[in-house]
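Notes for the one structure printed next.
Heads up: numbering here begins at 1 and tracks the sequence. Side chains included, hydrogens not; waters and symmetry mates left out as well; all remaining heavy atoms used.
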Amino acid sequence: MEEEKKIVTEVNTDDFSVSEIKADVSEYPDFSPGKIDISTDGTIILSSGTELLLIDNDGNIINHFAFNNYEEHIYDITAAGSGYALLKRTPEDTKLYYAENISSEPEMLELEIKNISGFANTFDKMNLYMVTSEGVLKYSLADKTSSFILKWADSEISASPSG
């Protein structure tokens, strides 16, 4: 009998820490997590290069998404709003995907992204902050606008509209 493959995680939504919950992922033998984030409801978002697993805080798999485009891989993930966002890279560019609901499959957002290195840490879940070579790019989930952040601060953020 094949040994069950488990991902060991536990979520504390008060401080967004992860310690131990066992989720049986033997149904997905090739899944190897590379990135993790936790939504405010305790859902664990795990990604490998081409797959996503959404796991509740009891260790039950809510959803699994496999992206079969091997030219495009998941570079980074973050919980945002009531959903989550992905940065996907191809040899040519980087694309931003967003799902408004934590259990939905993400859809690509219309946004040109250049030289992005990942999501910036933020507790502002209605905006996505992404680190680029030009500075920090803010994408508002509420009104679907983007701007470059000229100053990164906890207080007032100066920004100028982009494209």
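- Counting only residues at least two apart or on different chains, the salt bridge (Lys or Arg N to Asp or Glu O under 4.0 Å) pairs with a member in residues 95-105 are E72-K95.
- The closest side-chain heavy-atom distance from F67 to L86 is below 4.5 Å.
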(message) Assess the residue pair I38 and T43 against the criterion (side chain to side chain contact (heavy atoms under 4.5 Å, CB included)); give the C-alpha distance rounded to whole Å, side-chain angles, the decisive distance to 0.1 Å, and a yes or no.
(response) CA-CA 6 Å; I38 306 159; T43 302; over 6 Å; no
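- The side-chain contact (heavy atoms from CB on, under 4.5 Å) test with L52 is passed by exactly one of L46, I74, N63: I74.
- Contact record, D37 with A79: OD2-N, 2.7 Å, taken as the closest heavy-atom pair.
- Atom CG of residue D56 and atom OG of residue S103 lie 11.5 Å apart, to the nearest 0.5 angstrom.
- With hydrogens and angles ignored, the 3.5 Å screen pairs no side-chain donor or acceptor of D58 with any backbone N or O of N60.
- Here S82 pairs with nothing under the side chain to side chain contact (heavy atoms under 4.5 Å, CB included) rule; sequence neighbours left out.
- Atom OG in S39 sits 9.0 Å away from atom CG in L54 (nearest 0.5 Å).
- The closest side-chain heavy-atom distance from S140 to M126 is not below 4.5 Å.
- Ring planes of Y28 and H64: parallel class, angle under 30° (limits at 30 and 60°).
- Note: Y75 OH to R89 CZ = 4.5 Å, rounded to the nearest 0.5 Å.
- F65 and I55 are members of different hydrophobic clusters when ILVMFWY side chains are connected at heavy-atom separations under 4.5 Å.
- Rounding to the nearest 0.5 angstrom, the gap separating the CE atom in M130 from the OG atom in S146 is 8.0 Å.
- I77 and L53 end up in different hydrophobic clusters when Ile, Leu, Val, Met, Phe, Trp and Tyr side chains are linked at under 4.5 Å.
- Hydrophobic clustering places L137 together with L109 (ILVMFWY residues linked when any side-chain heavy atoms are closer than 4.5 Å, directly or through intermediates).
- In this structure, L128 CG and T78 OG1 are separated by 7.0 Å, a value rounded to the nearest 0.5 Å.
- In this view, A99 and Y84, S104, P106 satisfy the side chain to side chain contact (heavy atoms under 4.5 Å, CB included) rule, not counting sequence neighbours.
- A cation-pi geometry, defined here as NZ or CZ lying under 6.0 Å from the six-membered ring centre and within 45° of its normal, does not hold between K144 and Y139.
- Judged by a 6.0 Å distance limit and a 45° cone about the ring axis, K88 is positioned over the six-membered ring of Y97.
- Among all heavy-atom pairs drawn from I45 and I102, the shortest one is CD1-CD1, 3.7 Å.
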(request) Output, in order, the C-alpha distance, side-chain angles, deciding distance and verdict of side chain to side chain contact (heavy atoms under 4.5 Å, CB included) for D76 and K35. (result) CA-CA 7 Å; D76 205 355; K35 299 282 184 178; 4.0 Å; yes
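- In the hydrophobic clustering of ILVMFWY residues, with side-chain heavy atoms under 4.5 Å counting as a link, I44 and I62 come out apart.
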